[in-house]
Colleague: 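Here you go, one structure.
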Amino acid sequence: MKSELIVDVQPQEIAIALTEDDRLQEVAREKRDQDNFSVGNIYYGRVKKVMPALNAVFVDVGHEKEAFLHYLDLGSQFRTLQTYVTKAVSDRRHVPLITKTQRKPEVGKEGQISDVLKVGDPILVQVSKEPINTKGPRLTAEISIAGRNIVLMPFADGVMVSQKIKREAERQRLKQLMLSIKPAGFGIIVRTVAEDKRVAELDNELRLLVERWEQTVKSLQQKEPVSLVSEEMGRTLGIIRDVLNPDFTSIQINDKDTYDDVRHYLELIAPESAKIVKLYQGTQPIFDHFDITRQMKTGLGRTVGFKHGGYLIIDRTEALFSIDVNSGSKKIYEDQEENAFQFNMLAADELVHQLRLRDIGGIIIVDFIDMDDKGHQQELYDYVRKLMERDRAKHNVLPLSKFGLMQITRQRVRPAVEVEVMETCPTCMGKGKIQPSILFTDQIAEMCEHMHEQYGRGLKLHLHPYVYAYVSRGWLFSLKAKWQLQYGVKVVENQSLGMLEMRFLDAKGQIVQHKHEEPKEEKKDDPKPEPKEEQPKQVEQPKSVEKPKQVEQPKPVEKPKVEQPKPVELPQEEETPKKKTARRSAKKAAKPAPVEPAEKSPAETKAPTAVKKRARRKKAENAESKQKTETA
């Protein structure tokens, strides 16, 4: 079997893909330049809460969620570890020796955590399970330093050998060998890959692990509570450490620094394998070149097909994963029982593959196609167990229940792999309408021109493979050659893009965007006009004082001249002049008093009142004369 490891290093994250016979088996992703609280990281934390009901404590290690530490995860030598940590922190000039640390009474399996820890106590812990969903990390106080062949455990005693090593003679050889070279005060776990290894190789690795422990203590002496003390090697080196075997034919990496780190690490743990590390320098994205992108999109969706038209439907809930087996419309055999059995056997292959590929952990419920034959049920159960033997994660498989359900538990130490396989239309942004696709090449040409004006030559344009094939037609007269000659843009195909999606990258591999919206943002964000708008508000007060001068215009109040003819000529009311004058004076008295008289001088106020009085007299005289003529 041929195994390959493909490492895609990007500015934001590192993606690692493991293939066996060119079939994708595992995918891992790791964010760069940030603390991921990975398994194996060692922290100097502080107890925040003691929960007697749970017999556990919550520890602050810097994560947004407090980490969980159960009483059974303290370890038998916890009190001795606490004494050593206190001694190391109090004397920062020297690294204390484990052999000179006084041994304290062991922590029994039955006890209360409140008797051991209190709120505010500093504590040295290690991550055993990464944060998942809404839960914080899970911790252990049994510190261990993992290597490829052995695991070093400070303050532990004895040597333990992996149970997967079946030969008793080999088990005894490894145990006696490690007892002879083991430093005092340390315990050792011999891993499965150490089988048939020479003493010199194991001794060199043991020295490296002891040195790493001393560096961890030195780092602890420079730290204060709630800080990272020692970081586990990256996911790339961790996967190489755990899965490297003679079947590996190549390790492809597209980054020079990561390539150097991996090659140096292999020269330490497996010098004969250093030659399989290769630096990928192709123009096509490394995952596209090795067909990883296509396999991820076909194998990580909700529905996953397998041979003869069958498919699995994988759903995730808060408590478990449910997997439903369906046969589709095709039949392998006419007999219904045999047909169900054959489809279930094919589904078992894809089921185990999906557990590894997605790194599914926790409780898994599989609904196989119903079978009445007990022999078929037992054969399917044995087949699943055989396939699961190659899985490195701890697991347990139960036989089929009377409802045809198989229950599987699998160790979960990190979140399951999730890859978005559905694509959002980049033109309509999911609204369902797009611009004419025939104009897409015109949009590309226009964008190339804009990018050339802003960034110059040397950019890379990533396109969907179908669009790439279209713009490459015509050889020297193709659109691809035209854009490269005119704008200096190199066109590259990228399977991860949507059909009508384009992406520009600079020489460093960073995504660049067209800056056509910057002028608008400057106008929106310009705060300078705001203080000017506030000043007029203060100037409004003097304007309100000046209003009386403008209110002088109410001189149109002299409009009684317009009201003279029509209202007075109404004979229907048959009012006497005295009543009319009283009614008009009442109306004017009901009107709000103008503001201007308070501001005017006595000379100004007398003039309009005198004019009004003359007008009233003339009206009264005219009304009396008209009434006399009418009565006559």
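On a predicted model such as this, the values are computed, not experimentally measured, just so you know. What you see below is based on every heavy atom in this structure, not just the backbone, and it leaves out hydrogens, waters and symmetry mates.
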Colleague: Please report the interatomic distance CD1(Ile42) to CD1(Ile145), rounded to the nearest 0.5 Å.
Modeller: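 The distance works out to 4.0 Å.
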Colleague: Tell me which donor-acceptor pairs under 3.5 Å the side chains of residues 63-70 have, and how far apart each pair is, sequence neighbours excluded?
Modeller:
residue : atom : partner : partner atom : Å
His63   : ND1  : Lys65   : N            : 3.0
His63   : ND1  : Lys65   : O            : 3.3
His70   : ND1  : Leu72   : N            : 3.1
His70   : NE2  : Leu54   : O            : 3.4

Colleague: Looking at Glu26 and Arg392, is any side-chain nitrogen of the basic one under 4.0 Å from a carboxylate oxygen of the acidic one?
Modeller: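 Result for this pair is yes, salt bridge flagged.
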Colleague: Give a yes or no on whether the backbone of Asp73 and the side-chain of Thr140 come within a donor-acceptor separation of less than 3.5 Å.
Modeller: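 Checked: pair present.
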Colleague: Quick one: CD on Glu4 to OG1 on Thr19, what's the gap to the nearest 0.5 Å?
Modeller: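 Reported to 0.5 Å precision, the distance equals 4.5 Å.
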Colleague: Whether Arg173 and Glu170 form a salt bridge (side-chain N of Lys/Arg under 4.0 Å from carboxylate O of Asp/Glu) is what I want to check.
Modeller: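 Salt bridge: yes.
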Colleague: Does this structure show an ion pair linking Lys118 with Asp121, if we count only N-O contacts that are shorter than 4.0 Å?
Modeller: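 Result for this pair is no, no salt bridge flagged.
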Colleague: Would you check if Pro183 and Thr99 make a side-chain contact, meaning some heavy-atom pair closer than 4.5 Å?
Modeller: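 Result no, sub-4.5 Å side-chain heavy-atom pair not found.
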Colleague: With a 4.0 Å cut-off, would you call Glu195 and Arg167 a salt bridge?
Modeller: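 Counted as a salt bridge, because a side-chain N and a carboxylate O are separated by less than 4.0 Å.
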Colleague: Quick one: does any side-chain atom of Asp359 pair with a main-chain N or O of Arg412 as donor and acceptor, under 3.5 Å?
Modeller: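 Pair absent, no side-chain N/O of Asp359 close to backbone of Arg412.
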Colleague: Val384 versus Val366: any side-chain heavy-atom pair under 4.5 Å?
Modeller: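 The answer is no, as the side chains (C-beta and beyond) never meet within the 4.5 Å cut-off.
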Colleague: Do NZ/NE/NH1/NH2 and the carboxylate oxygens of Arg356 and Asp391 come within less than 4.0 Å?
Modeller: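 Looking at Asp391 together with Arg356, the answer is no, because their closest N to O distance does not fall below 4.0 Å.
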Colleague: Closer than 4.0 angstrom, basic N to acidic O: yes or no for Lys175 and Glu168?
Modeller: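 No, this pair does not count.
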Colleague: Would you mind listing every ring pair (Phe, Tyr, Trp, His ring centres under 6.0 Å) that reaches into residues 139-181, with sequence neighbours excluded?
Modeller: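 Residue pairs with at least one partner in residues 139-181: Tyr84-Phe155.
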Colleague: A side-chain contact here means heavy atoms from C-beta on lying under 4.5 Å apart; do Gln82 and Val116 qualify?
Modeller: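 No, too far: nothing below the 4.5 Å cut-off.
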Colleague: Within this structure, what is the CG-OG1 distance for the pair Asp8 and Thr236, rounded to the nearest 0.5 Å?
Modeller: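 One gets 10.5 Å once the value is rounded to the nearest 0.5 Å.
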Colleague: Is a side-chain N or O of His395 found less than 3.5 angstrom from the main chain of Arg385, in a donor-acceptor match?
Modeller: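 No; judged by distance alone, with no hydrogens or angles, the pair does not exist.
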Colleague: Can you tell me how far NZ of Lys256 sits from OG1 of Thr258, rounded to the nearest 0.5 angstrom?
Modeller: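 Between atom OG1 of Thr258 and atom NZ of Lys256 there are 10.5 Å.
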Colleague: Under the 3.5 angstrom rule, does the side chain of Lys223 hit a backbone N or O of Ser219 as a donor-acceptor pair?
Modeller: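 Flag not set: sc Lys223 to bb Ser219 has no pair under 3.5 Å.
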Colleague: Is it the case that the side chain of Asn133 and the backbone of Lys135 share a donor-acceptor pair, with hydrogens and angles ignored and the cut-off at 3.5 Å?
Modeller: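 Such a contact is absent between Asn133 side chain and Lys135 backbone.
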Colleague: Do Leu81 and Val85 have side chains that get closer than 4.5 Å, going by heavy atoms?
Modeller: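 Leu81 vs Val85: side chains touch.
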Colleague: Side-chain contact, heavy-atom cut-off 4.5 Å: Val107 with Tyr71?
Modeller: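 They are in side-chain contact.
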Colleague: Please check: side-chain N/O of Glu20 versus main-chain N/O of Gln25, any donor-acceptor pairing under 3.5 Å?
Modeller: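 Between the backbone of Gln25 and the side chain of Glu20 there is no qualifying donor-acceptor contact (under 3.5 Å).
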Colleague: Quick one: does Gln126's side chain have a donor or acceptor within less than 3.5 Å of a partner on Gly40's backbone?
Modeller: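 Yes: the side chain of Gln126 pairs with the backbone of Gly40.
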Colleague: Report yes if some heavy atom in the side chain of Phe306 is under 4.5 Å from a heavy atom in the side chain of Asp349; otherwise report no.
Modeller: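 Side chain of Phe306 against side chain of Asp349, heavy atoms only: no contact under 4.5 Å found.
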Colleague: To the closest 0.5 Å, what do you measure between NZ (Lys218) and NE2 (His94)?
Modeller: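 So the gap between those two atoms works out to 11.5 Å.
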Colleague: Test side chain to side chain donor-acceptor pair (under 3.5 Å) on Asp288 and Thr293; report intermediate values, then the result.
Modeller: CA-CA 6 Å; Asp288 291 0; Thr293 303; 2.7 Å; yes
Colleague: Is it true that Asp91 and Lys87 make a salt bridge, defined as a side-chain N closer than 4.0 Å to a carboxylate O?
Modeller: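 Looking at Lys87 together with Asp91, the answer is no, because their closest N to O distance does not fall below 4.0 Å.
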Colleague: Taking Arg212 for its side chain and Gly147 for its backbone only, find out whether a donor-acceptor pair lies under 3.5 Å.
Modeller: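 No: the side chain of Arg212 does not pair with the backbone of Gly147.
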